[in-house]
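Just so it is clear, the model here is predicted, and its values are computed rather than measured. Here is the naming used below: chain letters follow the sequence lines, and residue numbers restart at 1 for every chain.
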Amino acid sequence: MDEKFLKPYDAGNTEKRIYEMWEQSGLFSPDICIEKGFTDASAKPFSIVLPPPNVTGTLHMGSSLMLAIEDTVVRFQRMRGKRTLWIPGMDHAAIATQSKVEKILEKEEGKRKSDLGREAFLQKVNEFAESNRALMTTQLKALGSSLDFSREAYTLDAKRSLAVRTAFKQMYDEGLIYRGHKVINWDPKGQTTISDDEIVYEERKGKIYTFKYSSDFPIAIATTRPETKVGDTGVAVNPSDTRYQKYIGQTFEIKDFAGTPLSIKIVGDDSVDPEYGTGAVGVTPAHSMIDAEIARKHSLPTKQVINEYAKMMVETPALKDKKVAEAREIIAEWLRNAGLMEKEEEISQNISTAERTGAVIEPLPKLQWFIDVNKPIPSRDGKSLKELMHEAVEKDGIKILPDRFEKVYFHWIENLRDWCISRQIWFGHRIPVWYKDGELRCEIEAPEAEGWVQDEDTLDTWFSSGLWTFSTLGWPEQTKDLETYHPTALLETGYDILFFWVARMILMSKYLIGEIPFKTVYLHGLVRDSKGQKISKSLGNNVEPLEMIAKYGADAVRMSLLVGTGAGNDSKMSEEKLKAYKHFANKLWNMARFVFDHKAQNPANIETPKDKEYLEELKSIVSDMTTDIEAFRIHLASEKIYHYVWHKFADVIIEEYKQGLVSFATLDDILETCLKLLHPFMPFVTEEIWQSSHKNSILTATRWPM
RNA sequence: GGGCGGUUAGCUCAGUUGGUAGAGCGCUCGAUUUACACUCGAAGGGUCGUGGGUUCAAGUCCCUCACCGCCCACCA
């Protein structure tokens, strides 16, 4: 017997060596599995794309859970004989990465990005991204992830950039991408637009003011933002409201509203609730999306009064260049003095803030690029993107686990508005549109003729990640990989990016290649700390995966994340759990030691009545686990094998063997099967034990028991 | 305002299609120079949040309420 069995299992001394052995074997590539005869060339494919971690930072416990689940499924399917492919990659995460580098630049060199200029700044960002990529690759490997690194992708590399430009052009040519002057969510701190999904609502105390524009104006209105009222061009009332009906169609000229002249037209609109407030709404077309919609219906003019720095842009000296918060007070005070203020009430309101910077969102009218989600698409039977996204889950059979998220998904689609995809940041895919003399061209490659200037803006980072399932497989080129591995079998990710990412992938895939991107979506929950708190920097309760791996071993980290963590449920990470599974790895180690020890003594093999019973029982364990993993009930399968190995095999069967109630052949059989069954969950310790008794054989490339 | 999830042993949580409650940790008692102290055995501990309903049978299905948590939504 190998001497190392005389000591407790030492993960630290094992894992790196085992991973290198796996990498050298090439078995993580399905092509090599076929070449070596482990996988049948005509076997069914099974593919997963790794949700690309952001190059912003390092992997956290949530990513470790993701890797543990995916690697378990991938190893299982590989052992089942499928042509199994798991593609790694990274996401450039445009805004997140750029703002992080901006912060570093500010802190370390006291410079702003404008001091460097676009090119030099981007070089810094790329260097930062590159150094993180290397560290994250180490982390992926440390956990044992059986990823095919020969196919590694990056959202910003040449192939993926080509995919982005191709997708953009195709959507532009079919009229799905358009440029429009619309009210968008402006982040005054980040100085960029953001999409509806990047808004976070924060509950804050506010005031609602009820007032009239002037003493001879017949209708009072209410607002939480008096400063925007200098941009009002209308008042909307419900057409059936007898109090106000008579004014509909009239225009009132207000000579002096806090120093600004207003022209207010009364319009009738069904969206106004006569019961709420004064039953009338002041319409500010430039600074509210809902108002913009009312204004569009009634042809009210748009008057922008707030600029990109969240400062007033009216000529009135008292207001000009004032911050919105100051302007609010100035106007409120003016209303009080003029005797126009009817009521002021404290309320709690949800204000929209930018997810990244925390700044209060300022809705502004701007010329931006959008994806039209409602337009009927000729090449897709006249269906809209919304409809395509809907039918992917409704009809095409994408299964979302847990299934309650299907409802959430449908609800999101129903409320979806056109997606603003242009961003005023530097890091990311430049919009593939060029301008010259008032002319515009959308091309995959820059026009060769002189004088064409490319659009300054970049694309929302989710545009490129939306292409991920097929851009990683070579699209727009019609590759063999694309044909074989798309649609992918499984998309496993956190429920928090269902809208950001999962829905966008369905949109892109259904439109661009006419098929669903994946058959099953498995959404995992949040990994919290031992007290159930969200892990965050401000709480300082971050658990570093690499440290935990060093302390307890990757197998223990994986098991502690997997056991008992069902789809969609948040879970808690604790050192007790990690310790328990470290003990389990060692228990297994000693069980192997016991069996090997006895094997060396050439035990007589006398069949006993118990042999058959135990082998039958094991068969049913195998079949239960197979069903569980195929249905992605990893939390049940992992618990089942844990319990069987420790409390049946070790506590009962081995003990009975000592008493001669079980034959050695059966004991040996059970150990071998257990190693296989445990391998997807705890790849390192099982492989290490396997290699000790099976020279020239790799457990990773061994068939799952039947 | 709308939707969703949770409420099961002291703690943390499982419980897949309804068949008279499970695990880990902790606690108590005990074993043992043992493959393994990163061990083993035993014991204790739950009217499965509340109230009702369906059923031969409900933690599991339906309804009510309560508390905790999450998501969505620019009632001005």
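Residue A:Ala585 is out of contact with every strand shown, counting any heavy-atom pair closer than 4.0 Å. Across all strands shown, A:His647 has heavy atoms under 4.0 Å from sugar-phosphate atoms exclusively, and none from any base. Counting any heavy atom pair closer than 4.0 Å across all strands shown, A:Asp651 reaches sugar-phosphate atoms only and no base atom. At a threshold of 4.0 angstrom between heavy atoms, the contacts of A:Thr223 are confined to the sugar-phosphate backbone, with no base atom among them. Across all strands shown, A:Arg404 has heavy atoms under 4.0 Å from sugar-phosphate atoms exclusively, and none from any base. Within 4.0 Å (heavy atoms only), A:Glu275 reaches no atom of the nucleic acid at all. Heavy atoms of A:Lys579 sit nowhere under 4.0 angstrom from any nucleic acid atom. Using a 4.0 Å heavy-atom distance criterion, A:Asp628 is classed as a base contact.
Of the C1' atoms belonging to B:G59 and B:A9, the separation is 14 Å, rounded to the nearest Å. Between the C1' atoms of B:U8 and B:G22, the separation comes to 10 Å (whole Å). With C1' as the reference atom, B:G45 and B:C27 are 10 Å apart, rounded to whole Å. As rounded to the nearest Å, B:C72 and B:G15 have C1' atoms that lie 31 Å from one another. B:U50 sits 44 Å from B:C38 when the C1' atoms are compared, rounded to a whole Å. For the C1' atoms, the distance from B:C63 to B:U54 is 11 Å, rounded to whole Å.
Here B:G3 presents its P atom at 9 Å from NE2 of A:His411, a figure rounded to the nearest Å. Look at CG on A:Asp273: it is 12 Å from C1' on B:G1, rounded to the nearest Å. Distance, A:Asp496 CG to B:C71 P: 9 Å, rounded to whole Å. We find that CG of A:Asp570 is positioned 13 Å from C1' of B:C4, with the value rounded to whole Å. Distance A:Asp10 CG to B:C38 P: 15 Å, rounded to the nearest Å. The distance between atom CG of A:Asp270 and atom P of B:C75, rounded to the nearest whole Å, is 17 Å. Atom pair A:Asp269:CG and B:A76:P shows a separation of 16 Å (rounding to whole Å applied). Computed from coordinates, the A:Ile351 CD1 to B:C75 P distance equals 15 Å when rounded to whole Å.
Pairing for B:C70 goes to B:G3, judged as Watson-Crick or G-U wobble with the two contacts each under 3.5 Å. B:G22 and B:C13 make up a base pair, with Watson-Crick or G-U wobble contacts both under 3.5 Å. Within the shown strands, B:G30 is the pairing partner of B:C40 under the Watson-Crick or G-U definition, both distances less than 3.5 Å. Pair assignment for B:U47 gives none, since no Watson-Crick or G-U wobble pairing has each distance under 3.5 Å.
A ring pair (Phe, Tyr, Trp, His ring centres under 6.0 Å) with A:Trp589 is found for one member of A:Tyr9, A:Phe594, A:Phe684, A:Phe584 and no other, namely A:Tyr9. Considering A:Leu671, A:Ile689, A:Asn590 in turn, A:Leu671 is the only one that fulfils the side-chain contact (heavy atoms from CB on, under 4.5 Å) rule with A:Val595.
The side chain of A:His635 approaches B:A14 more closely than any other nucleotide in the set B:C74, B:C38, B:A14.
Between the side chain of A:Glu655 and the base of B:A35, at least one donor-acceptor pair of N or O atoms lies under 3.5 Å.
Using a 30° and 60° split on the angle between ring planes, A:Trp334 and A:Phe257 fall in the perpendicular class, above 60°. Below 30°, between 30° and 60°, or above 60°: for A:Tyr581 and A:Tyr642 the angle between ring planes is above 60°, a perpendicular geometry. The aromatic rings of A:Phe500 and A:Trp462 sit parallel to each other, their planes meeting at less than 30°, with 60° as the upper class boundary.
Between A:Tyr201 and B:C72, a side-chain N or O to OP1/OP2 separation shorter than 4.0 Å is absent. For A:Trp646, a side-chain nitrogen or oxygen approaches OP1 or OP2 of B:C40 to under 4.0 Å.
Separating the OG1 atom in A:Thr626 from the CH2 atom in A:Trp704 is a distance of 5.5 Å, to the nearest 0.5 Å. Within the model, atoms CD1 of A:Ile266 and CZ of A:Phe217 stand 3.5 Å from one another, a figure rounded to the nearest 0.5 Å.
A salt bridge links A:Glu655 with A:Lys658: at least one charged nitrogen is closer than 4.0 Å to a carboxylate oxygen.
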Below 3.5 Å between N/O atoms, which protein atoms pair up with nucleotides 10-12 of chain B? Just atom names and distances, please.
residue, atom, partner, partner atom, Å
B:U12, O3', A:Lys572, NZ, 2.7

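Panel note: side chain A:Thr224, backbone A:Ile208; no donor-acceptor pair is recorded below 3.5 Å.
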